[in-house]
There are 2 protein chains.
Amino acid sequence: MRRQAVQRTKESGPGGPRGPVATRAQLLDAAAVVFASRGFHDATVREICRAAGANVAAVSYHFGDKGRLYSAVLRETGRRAALIAAPVRDAAPANPPAKRLGAFVRSMLSMILAEGPASLHGQILAREMIDPTAALDQVVAEFMRPQAEHLQGVVRELVGPKVPAADVRRLALSVVSQILFYKHCRPVLERLYPGECPGAAQLDELTRHITAFSLAALRGLARPGSKRRALEP
Amino acid sequence: MRRQAVQRTKESGPGGPRGPVATRAQLLDAAAVVFASRGFHDATVREICRAAGANVAAVSYHFGDKGRLYSAVLRETGRRAALIAAPVRDAAPANPPAKRLGAFVRSMLSMILAEGPASLHGQILAREMIDPTAALDQVVAEFMRPQAEHLQGVVRELVGPKVPAADVRRLALSVVSQILFYKHCRPVLERLYPGECPGAAQLDELTRHITAFSLAALRGLARPGSKRRALEP
DNA sequence: CCCCGGTTCAAACAGTTGTTTGACATTTCA
DNA sequence: TGAAATGTCAAACAACTGTTTGAACCGGGG
């Protein structure tokens with residue numbers, strides 16, 4: 001009663017190297033949902049298959065085992081994240097750095113604050129950060145490192161050439177930390193300030209706040225001597 | 001061979017409501033280690049009991065079940081965190097707000113960057129934020145809310161009375177986010193910049209950076225009109 | 001027609017999980 | 001000493017885990 005004669009593609013001949021795509025794709029979608037809500041270890045193959053309307057043996061048949069299914073989901077995660085982030089990085093490199101910083105914050109926040117199916121992969125990434133699996137290396141290399149280097153470039157433009165590279169890196173981390181916070185600490189925020197937890201509707205407001213906070217900090221620290229002043233009480 | 005005639009307290013009479021403390025305490029310590037490294041679901045009662053040198057039935061006998069053992073660990077977590085944070089909040093309320101901000105950042109960072117046994121409860125808290133259990137409510141109420149309100153008080157002093165309360169809250173969140181980042185994203189940092197991941201040795205440097213960044217932002221935003229200027233490109 | 005590669009299925013597999021059991025040990029109080 | 005409370009233990013429990021098995025199904029090509 002759960003799957004009524006799933007649509008089968010006609011081009012899936014038995015001789016072709018690729019079998020019917022339906023079950024495999026449904027398995028991937030269902031796995032993303034379950035992995036996102038339960039985590040890798042707590043997610044069960046049976047629950048994934050039940051959600052996909054497939055037999056328990058389907059995971060073993062189509063992916064080999066649970067771990068390789070997770071890897072496939074995470075590969076899709078990285079692919080989607082890169083698709084969202086790449087255009088923001090490449091577009092309008094001649095824009096003023098303040099504007100580019102705002103665009104970066106907004107695109108990353110839109111991933112963080114996503115709701116519904118779009119939020120699945122962000123949730124999986126958040127779990128992967130605290131409880132990494134072997135698949136994290138690939139995500140860092142393909143998605144996070146380009147993001148980090150882009151942001152460092154923007155920060156460099158804002159603070160000028162005199163600031164050491166190590167400081168630029170720390171400054172960039174202070175920016176992203178404000179964004180990721182609303183993903184990692186959402187359960188805490190929901191309990192601290194019930195009812196006013198930022199969702200997709202607050203994208204504009206949050207973008208404005210984080211960008212303004214970061215710009216004020218970067219401009220203040222770029223002024224020579226201000227760093228020392230900020231330190232001494 | 002693992003536990004040689006554990007020290008038994010004389011005052012543990014059968015009539016008293018509390019039995020011998022040894023096994024129970026060792027169970028608590030071992031559970032903190034295992035819960036911190038594996039998470040609640042992936043941690044097994046058998047591993048905890050093995051680490052504690054106790055029988056598998058000990059958890060059921062002393063705590064009822066695995067869930068109540070976890071609650072007991074988290075209660076201890078909140079207690080220790082409050083013990084570290086409370087003196088920083090209460091001490092020297094007459095100090096200049098910049099200095100109090102630095103003290104707050106430092107005390108929180110010292111928990112975040114802790115290594116060895118001291119890091120266990122921070123690790124457990126980090127997990128609880130992403131994968132909350134029913135026990136998170138108590139931790140938020142007893143530890144995190146006082147911390148948040150203290151920080152908002154400091155921020156209020158720094159930005160003056162004209163800034164709306166909602167903005168003060170967002171500003172305070174931008175400060176703590178920079179601190180928690182080094183806990184939540186440590187696995188990512190280790191892969192992005194191998195070998196130079198901040199540990200307890202970088203406590204001073206990180207405190208300086210986050211405090212300076214936040215102070216520059218707060219002072220910049222406190223200047224009237226600066227917020228609008230920061231927004232427009 | 002029948003066979004064949006690809007796919008699905010119910011059933012079973014071996015292993016691990018949290019928890020319980022009943023016997024045994026130790027201590028305390030009468 | 002005897003009885004009762006308190007704690008510990010090896011063993012077993014039922015439930016669940018990921019994975020495998022062998023039979024069934026299905027569409028086309030011989």
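- Atom CZ in R68(B) sits about 15 Å away from atom P in dG18(C), given to the nearest Å.
- Nearer to the 5' terminus of DNA chain D, by closest-nucleotide assignment, is the contact made by R46(B) (compared with the other of R46(B) and G64(A)).
- Applying the 4.0 Å criterion to OP1 and OP2 of dA10(C), one finds that N55(A) has a side-chain N or O inside that range.
- With hydrogens and angles left out, the side-chain atoms of R89(B) and Q147(B) include a donor and acceptor closer than 3.5 Å.
- Close to dT19(C), at under 4.0 Å from its OP1 or OP2, lies no side-chain N or O of S60(B).
- Going from atom CD1 of I48(A) over to atom P of dT17(D) covers 11 Å, rounded to whole Å.
- At least one side-chain nitrogen or oxygen of H62(B) sits closer than 4.0 Å to the OP1 or OP2 atom of dT8(D).
- Note on E205(A) versus R208(A): no salt bridge recorded, every NZ/NE/NH1/NH2 to OD/OE distance being 4.0 Å or above.
- Straight-line distance from the CD atom of E47(A) to the P atom of dC16(D): 13 Å, rounded to whole Å.
- Residue contacts for T44(A): at a heavy-atom cut-off of 4.0 Å it reaches the sugar-phosphate backbone alone, with no base atom in range.
- The side chain of V45(A) lies closest to dG18(D) when the candidates are dT19(C), dG18(D), dT20(D).
- Rounded to an integer number of Å, the gap from CG of L27(B) to P of dC9(D) is 11 Å.
- If you measure from atom CD of Q26(A) to atom P of dT8(C), you get 10 Å, rounded to the nearest angstrom.
- Between the P atom of dT16(C) and the CG atom of D42(B) lies a distance of 13 Å, rounded to the nearest Å.
- With no hydrogens or angles considered, a side-chain donor-acceptor pair links Q178(B) and S214(B) at under 3.5 Å.
- Counted by atom type alone, H62(A) and T23(A) present zero donor-acceptor pairs between their side chains at under 3.5 Å.
- Mapping Y61(B) and F40(A) onto DNA chain D by nearest heavy atom places Y61(B) closer to the 5' end of the strand.
- Going from atom CZ of R50(B) over to atom P of dA10(D) covers 13 Å, rounded to whole Å.
- Here dT17(C) presents its P atom at 15 Å from CG of L69(B), a figure rounded to the nearest Å.
- The side chain of T23(A) lies closest to dT8(C), out of dT21(D), dT8(C), dT19(D).
- Remark: side-chain polar atoms of R191(B) are paired, donor with acceptor, to backbone N or O of P187(B) under 3.5 angstrom.
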